[in-house]
Amino acid sequence: MIIKSADFIKSIASSGALYDLQLPEFAFVGRSNVGKSSLINSLTNRKKLAKASSTPGRTRLINLFLINKSFYFVDLPGYGFAKASKQEQASWQELIGAYLENSSNLKRVFVLVDIRHTPTDKDLLMLNYLYQYNIPFNIVATKADKLSKSQINKQVLNIANTLNVGFNDIIVSSAIDKKGNDKILEIIENLLK
Ligand code: GDP
């Protein structure tokens, strides 16, 4: 699939502002700084569609992008930044929970983890949400350009074991050399058929 157009539609700040989007949705989520904005920009061939590298945790909104005028990319707020207060954590959980519960057109969630790190409790909590709401997901291991091939294999195994998913369920990705983009786009294309 080729992404021909990608337009920012709106940001949603509170669970009360959620509404039924009518078109298929594909969401991206992960810890702050995991490379979510970079991946969205890389997939859409746009340099600044999603804001890369704003202060971690400052992007506490759900951002909606209309792709090829036929489906949405949903950029969910990053989680797990160190300085988050209890209140910030609670509002993140409320917003994510409300979104996952109400998004009737959500086809797939791409959960991003940094390929260099062992997933944390926050990542496991996210997966638990997805199991709870019965939402299918793929794991995307970001920043693969930072590791050698043998290190990549070792880390994919580590991530798979930690998250209790299969080795082949993990998409190895790099926003810089676009590794993995074809796999992500193929998954989306198949779900749109
Ligand atoms: P976000 O907070 O999840 O949206 O993360 P960003 O996309 O802003 O990326 C966080 C940092 O990681 C930035 O400095 C990016 O340049 C860097 N980064 C993101 N993706 C990659 C990647 O695939 N390879 C490398 N080498 N750096 C990346």
Side-chain angles (χ1 to χ4, degrees), residues 3 6-13 25-67 72-85 88-89 91-93 95-96 99-100 108-127 129-130 137-156 158-159 162-163 170-188:
I3 293 191
D7 301 296
F8 172 73
I9 300 297
K10 65 183 282 185
S11 294
I12 298 167
E25 294 160 52
F26 299 89
F28 296 84
V29 73
R31 300 183 71 196
S32 303
N33 229 28
V34 73
K36 183 162 53 68
S37 309
S38 303
L39 177 65
I40 291 172
N41 290 338
S42 167
L43 286 168
T44 54
N45 288 311
R46 297 273 295 272
K47 284 204 175 76
K48 287 184 183 164
L49 186 68
K51 286 187 200 101
S53 273
S54 40
T55 310
R58 286 283 151 78
T59 43
R60 287 172 205 137
L61 307 169
I62 293 178
N63 296 305
L64 283 182
F65 304 98
L66 180 62
I67 309 297
Y72 289 104
F73 274 179
V74 183
D75 179 10
L76 295 173
Y79 52 83
F81 50 101
K83 289 189 195 122
S85 66
E88 284 167 329
Q89 279 297 343
S91 67
W92 179 87
Q93 285 187 16
L95 186 57
I96 293 276
Y99 171 73
L100 295 177
R108 188 64 53 103
V109 175
F110 295 99
V111 181
L112 278 55
V113 295
D114 189 318
I115 197 158
R116 297 167 299 168
H117 307 308
T118 301
T120 67
D121 288 352
K122 298 262 165 58
D123 296 308
L124 285 163
L125 185 70
M126 187 66 225
L127 294 197
Y129 269 120
L130 297 173
F137 62 86
N138 290 93
I139 305 294
V140 178
T142 63
K143 310 189 190 182
D145 57 280
K146 290 186 183 254
L147 297 183
S148 69
K149 212 173 168 191
S150 64
Q151 287 173 315
I152 287 176
N153 285 334
K154 199 172 143 227
Q155 270 308 100
V156 170
N158 175 32
I159 292 165
T162 310
L163 297 178
I170 295 174
I171 300 168
V172 176
S173 154
S174 161
I176 289 188
D177 57 28
K178 293 188 175 277
K179 188 180 175 71
N181 281 11
D182 51 346
K183 280 193 188 160
I184 294 171
L185 293 173
E186 193 185 320
I187 288 169
I188 292 171

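Residue indices begin at 1 and follow the sequence shown. Note that ligands are numbered from 1 as they come in the structure, with each ligand's atoms numbered from 1 the same way.
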Tell me whether ligand 1 is touched by Asn33 - counting only heavy atoms on the residue side and a distance under 4.0 Å.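 Yes; Asn33 lies near enough to ligand 1 that a heavy-atom distance drops under 4.0 Å.
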
Asp123 versus Tyr79: any side-chain heavy-atom pair under 4.5 Å? yes

Side chain to side chain, Phe110 and Val29, heavy atoms closer than 4.5 Å: no

Return a yes/no value for [X]: is any of its N or O atoms, backbone included, closer than 3.5 angstrom to an N or O of ligand 1?
X	result
Ser32	no
Asp145	yes
Ala144	no
Ser173	no

Within a distance under 4.0 Å of any heavy atom of Ser38, pick out the atoms of ligand 1 and give their elements.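 Listed by number with element, the hits are 6 (P), 7 (O), 9 (O), 15 (C), 19 (C), 20 (N).
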
Note: ligand 1 atoms sitting under 4.0 Å from heavy atoms of Ser174 are 23 (O)

My understanding is that we take every heavy atom of each candidate and find the minimum distance to atom 17 (C) of ligand 1. Doing that for Lys36, Arg31, Lys143, which one comes out nearest?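 Looking at heavy atoms only, Lys143 sits closest to atom 17 (C) of ligand 1.
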
Whether the Thr142 and Asp114 side chains hold a donor-acceptor pair (N or O, under 3.5 Å, no angle test) is what I'd like checked. no

Is there a donor in the side chain of Asn181 and an acceptor in the side chain of Ser42, or the other way round, less than 3.5 Å apart?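 Result is yes, a qualifying pair exists.
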
Restricting to ring pair (Phe, Tyr, Trp, His ring centres under 6.0 Å), what partner residues turn up for Phe137, sequence neighbours left out?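 With sequence neighbours excluded, Phe137 shows a ring pair (Phe, Tyr, Trp, His ring centres under 6.0 Å) to Tyr131, given in chain and number order.
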
Listed partners of Tyr99 passing ring pair (Phe, Tyr, Trp, His ring centres under 6.0 Å), at least two apart: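 With sequence neighbours excluded, Tyr99 shows a ring pair (Phe, Tyr, Trp, His ring centres under 6.0 Å) to no residue whatsoever.
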
